[in-house]
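Numbered from 1 within each chain, the chains take letters A, B, ... in sequence-line order.
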Amino acid sequence: MIDLKLLRKNPEVVAESLRRRRSNLALDSLLLKDQTRRDLQKQGDDLRSNHKRRSEELARAMRMKANVDTLRSELRGLSAKISALEDEQRKADAEVEDEALLFPNLLLPDVPDGATGDDNPVVSAWGGKPPFSFAPKNHWDVGEALGILDFERAAKVARARFTCLKGGAARLERALISFMMDLHASRGYTEIWPPFLVNGASMRGTGQLPKFRADLFKCENEDLWLVPTAEVPVTNLHADEILTEDKLPVRYCAYTPCFRAEAGAAGKDTRGMIRQHQFDKVELVKFCRPEESAAELEQLRLDAEEVLRRLNLHYRVVSLCSGDLGFSAAKTYDIEVWLPGQAAYREISSCSTFTDFQARRAMIRYRAKSGETALVHTLNGSGLAVGRTLVAVLENYQQSDGSVVIPDALRPYMGGITQISLPPK
RNA sequence: GGAGGCGUUGCAGAGUGGACGAAUGCACCGGUCUUGAAAACCGGAGUGCCCUCACGGGCACCGGAGGUUCGAAUCCUCCCGCCUCCGCCA
């Protein structure tokens, strides 16, 4: 959530960020609702203060056995007035909250300006496109020929946008998860195995609700939602907590399956495993002091990149421009892996700082040595999207005979398998 | 799923209708004492919202939401969580 005090004091700062995002949200209505809310609070506080004093008077009078009928009925009237005002106040609070929750995070100043993903500048690259002596195939062709990806049967038991992995691919998926978790755990991230269903408050805390309800799967008749990313359960681990400063920064890594309704993505990436209702992901999540968050974002990005380097997969990094940035993020790097079968770079990790936006929603704070409490900054990034990493391995490590060589870094996790070969005819 | 018990300020733990934002102990932060430390003694510490340039002040918060009452940590209803026993299950 954006900072309403800042909005009140510096509306032009918020307006400028919205303008850069190409958002058409207007501030007037929110500012007005905020003013109404504060007026009502002042009125209510004054009435309650008065009521409190008169009530004490009544108690004193009763002790002296005085007649209190007049005072009592007067107070009854005052109490009714307060009740009515409190209803109004609740309504006003909700109106401010409902509207404020729809405002995206403020951009960091160094977010490049731009309208769409086409405007995202490439900030770095690693490796090079691997040479092929033949025309490299799409991962679905590679996988179906090997009999390790089964889209049709997955659609039969679930529906479209699900994949069934089999044999070498299933093993590879599991190997990738273990490989990534081991790597991050060895580099200072504490391993977390969180719930895969969360309540609505958690979804609100990280910003999925109320705005992106349509992208989520929900359990019927329960306040339980399937996680779209480990970011949700892991960030909310510290909701409503005050962390001690010497524990910061807190760094977690977590594997979860991710469930996304992919509303509005009809017709996009309909073939293959790029865009699924269910996929696996290893996520990195950090909580830190505000002054550390810029450096932590850079390190987060490097930690995600390390996975691709060890797998020897070519990638580039783009900085999301103002118009392309996600709702909750203040700044985001996307890591895009090279997919030779599609001759394209595809997003495989997204590393973001959310500054205090999620911390304010989820009330995640820390106590500074001075004794003051302040909101932490939260960050997270994929490290990596496992399904897309599997795609990248299939496409980049495919051989002319249709087999796929296992990258060296994964071999310890593959039980001696060095290559996924075609089944005998 | 059934039966019962419980949920208070960082922790422990009092408080069953008013003077309770809440005793006490521990922990924590200052200070005195000490060469230093411990102990002892003195003092200070919750969170949020609002008003104020500030000093300061007001209001709310005893798991959550309602209700009864002039007044609720305390009484009532519902919900959530934890514990114990039974059932079921991996």
Q: Among B:G18, B:G46, B:C50, which is the nearest nucleotide to the side chain of A:Leu58?
A: B:G18
Q: Please tell me if A:Arg37 has a side-chain N or O lying less than 4.0 Å from either OP1 or OP2 of B:C50.
A: yes
Q: Can you list the residues that meet the side chain to side chain contact (heavy atoms under 4.5 Å, CB included) rule with A:Gln89, with sequence neighbours excluded?
A: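 A:Gln89: side chain to side chain contact (heavy atoms under 4.5 Å, CB included) contacts with A:Leu40, A:Gln41, A:Arg48, A:Glu86.
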Q: For RNA chain B, which residues in residues 3-14 of chain A have a heavy atom at a distance below 4.0 Å?
A: A:Lys5, A:Arg8
Q: Would you call the rings of A:Tyr252 and A:His238 parallel, tilted or perpendicular, where under 30° means parallel and over 60° means perpendicular?
A: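 It falls in the parallel class, under 30°.
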Q: Hey, do the aromatic rings of A:Trp193 and A:Tyr255 have their centres closer than 6.0 Å?
A: yes
Q: Could you give the CD-to-C1' distance, from A:Glu241 to B:U47, as a whole number of Å?
A: 15 Å
Q: Determine the Euclidean distance between corresponding P atoms of B:U74 and B:C61; express it in Å to zero decimal places.
A: 11 Å
Q: Sugar-phosphate atoms are those with a prime plus P, OP1 and OP2; base atoms are the rest. Using that split, label each nucleotide of nucleotides 64-69 of chain B B, S or - for protein heavy atoms under 4.0 Å, 5' to 3'.
A: --S---
Q: So, is B:A65 syn or anti if syn means the angle is within 90° of 0?
A: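 Nucleotide B:A65 adopts anti.
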Q: Among B:G48, B:C51, B:C70, find the nucleotide with the atom closest to the side chain of A:Arg38.
A: B:C51
Q: Now, which nucleotide makes the Watson-Crick or G-U wobble pair with B:C75, with each of the two distances under 3.5 Å?
A: B:G67
Q: If B:G46 has a Watson-Crick or G-U wobble mate with both distances under 3.5 Å, name it; if not, just say none.
A: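 Base-paired to B:C61.
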Q: Using a strict threshold of under 4.0 Å (side-chain N to carboxylate O), is an ion pair present between A:Glu57 and A:Arg53?
A: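 Answer for the salt bridge query: no.
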Q: When you measure from every atom of RNA chain B, which of residues 43-53 of chain A have a heavy atom less than 4.0 Å away?
A: A:Asp45, A:Arg48, A:Ser49, A:His51, A:Lys52
Q: What do the steps show when you test A:Asn105 against A:Thr355 for side chain to side chain donor-acceptor pair (under 3.5 Å), and what is the final call?
A: CA-CA 8 Å; A:Asn105 198 2; A:Thr355 54; 3.1 Å; yes
Q: Among B:U47, B:C50, B:C70, which nucleotide sits nearest the side chain of A:Ser55?
A: B:C70
Q: Pick base, sugar-phosphate or nothing for A:Ser73, based on heavy-atom distances below 4.0 Å to the nucleic acid.
A: nothing
Q: Need the pair for B:C6. Rule: Watson-Crick or G-U wobble, both distances under 3.5 Å, any strand; none if unpaired.
A: B:G81
Q: Hey, are A:Glu292 and A:Arg289 close enough for a salt bridge, meaning a charged N less than 4.0 Å from a carboxylate O?
A: yes
Q: Do you know which two heavy atoms are closest between A:Arg171 and A:Gly415, and how far apart they sit?
A: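 Scanning both residues completely, I find the closest heavy atoms to be NH2-N, 3.3 Å.
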Q: Name the residue closer to the 5' end of RNA chain B, choosing between A:Leu71 and A:Glu56 according to the nucleotide with the nearest heavy atom.
A: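 Nearest-nucleotide comparison on RNA chain B picks A:Glu56.
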Q: Give me the distance, rounded to whole Å, that separates B:A22 from B:A54 when you measure between the C1' atoms they each carry.
A: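 Approximately 31 Å lies between the C1' atom of B:A22 and that of B:A54.
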Q: Return the value, rounded to whole Å, for the distance between atom CG of A:Asn199 and atom C1' of B:C80.
A: 10 Å
Q: What is the separation between atom CE on A:Met363 and atom C1' on B:C61, rounded to the nearest whole Å?
A: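 It is 12 Å, rounded to the nearest whole Å.
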Q: What pair of heavy atoms forms the shortest contact from A:Arg361 to A:Gly205, and how long is it?
A: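 Closest heavy-atom pair between A:Arg361 and A:Gly205: CB-O, 3.4 Å.
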Q: What's the gap between B:G21 and B:C59 when it is taken at their C1' atoms, as a whole Å value?
A: 12 Å
Q: For residues A:Gly267 and A:Arg161, report the shortest heavy-atom separation together with the two atoms involved.
A: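 Residues A:Gly267 and A:Arg161, closest heavy atoms: N-NH2, 3.9 Å.
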Q: For the atom pair CG (A:Asp34) and NZ (A:Lys5), what is the distance rounded to the nearest 0.5 Å?
A: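 Rounded to the nearest 0.5 Å, the CG-NZ separation comes to 11.0 Å.
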Q: Could you tell me how far apart A:Gln41 (CD) and B:C61 (P) are, to the nearest whole angstrom?
A: 13 Å
Q: For A:Thr373 and for A:Leu75, find the nucleotide of RNA chain B with the closest heavy atom, then tell me which residue's nucleotide is more 5'.
A: A:Thr373
Q: May I ask which nucleotide in the shown strands pairs with B:C88, Watson-Crick or G-U wobble, both distances under 3.5 Å?
A: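 Pairing partner: none.
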Q: Roughly how many Å is it from CE in A:Met62 to P in B:C70, rounded to a whole number?
A: 11 Å
Q: Check this for me, if you would: do A:Lys281 and A:Glu283 make a salt bridge, where the nitrogen-to-carboxylate-oxygen distance has to be below 4.0 angstrom?
A: yes
Q: Strictly distance-based, threshold 3.5 Å: is any side-chain N or O of A:Arg21 a donor or acceptor partner for the main-chain N or O of A:Leu325?
A: yes
Q: Should B:A12 form a Watson-Crick or G-U wobble pair with both distances under 3.5 Å, which nucleotide is its partner?
A: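 With both distances under 3.5 Å, B:A12 matches B:U24.
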Q: Give the rounded distance in Å between these two atoms: CD of A:Glu97 and C1' of B:G48.
A: 13 Å
Q: Give every residue pair that meets the ring-ring contact (aromatic ring centres under 6.0 Å, His included) criterion with at least one member in residues 357-377 of chain A, sequence neighbours excluded.
A: A:Phe327-A:Phe357
Q: Send over the distance from A:Ile82 CD1 to B:C70 C1', rounded to a whole Å.
A: 10 Å
Q: Suppose the criterion is side chain to side chain donor-acceptor pair (under 3.5 Å): which pairs have a residue in residues 408-417 of chain A, not counting sequence neighbours?
A: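 As it turns out, the side chain to side chain donor-acceptor pair (under 3.5 Å) pairs with a partner in residues 408-417 of chain A, which skip direct neighbours, are A:Asp182-A:Tyr413.
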Q: Would you classify A:Arg365 as touching base, sugar-phosphate or nothing, given that sugar-phosphate means primed atoms plus P, OP1 and OP2, and contacts are heavy atoms under 4.0 Å?
A: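 The answer is sugar-phosphate, as A:Arg365 gets under 4.0 Å only of primed atoms, P, OP1 or OP2.
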Q: Can you tell me the base-pairing partner of B:C53? Count Watson-Crick or G-U wobble geometry only, both distances below 3.5 Å, and say none if there is no partner.
A: none
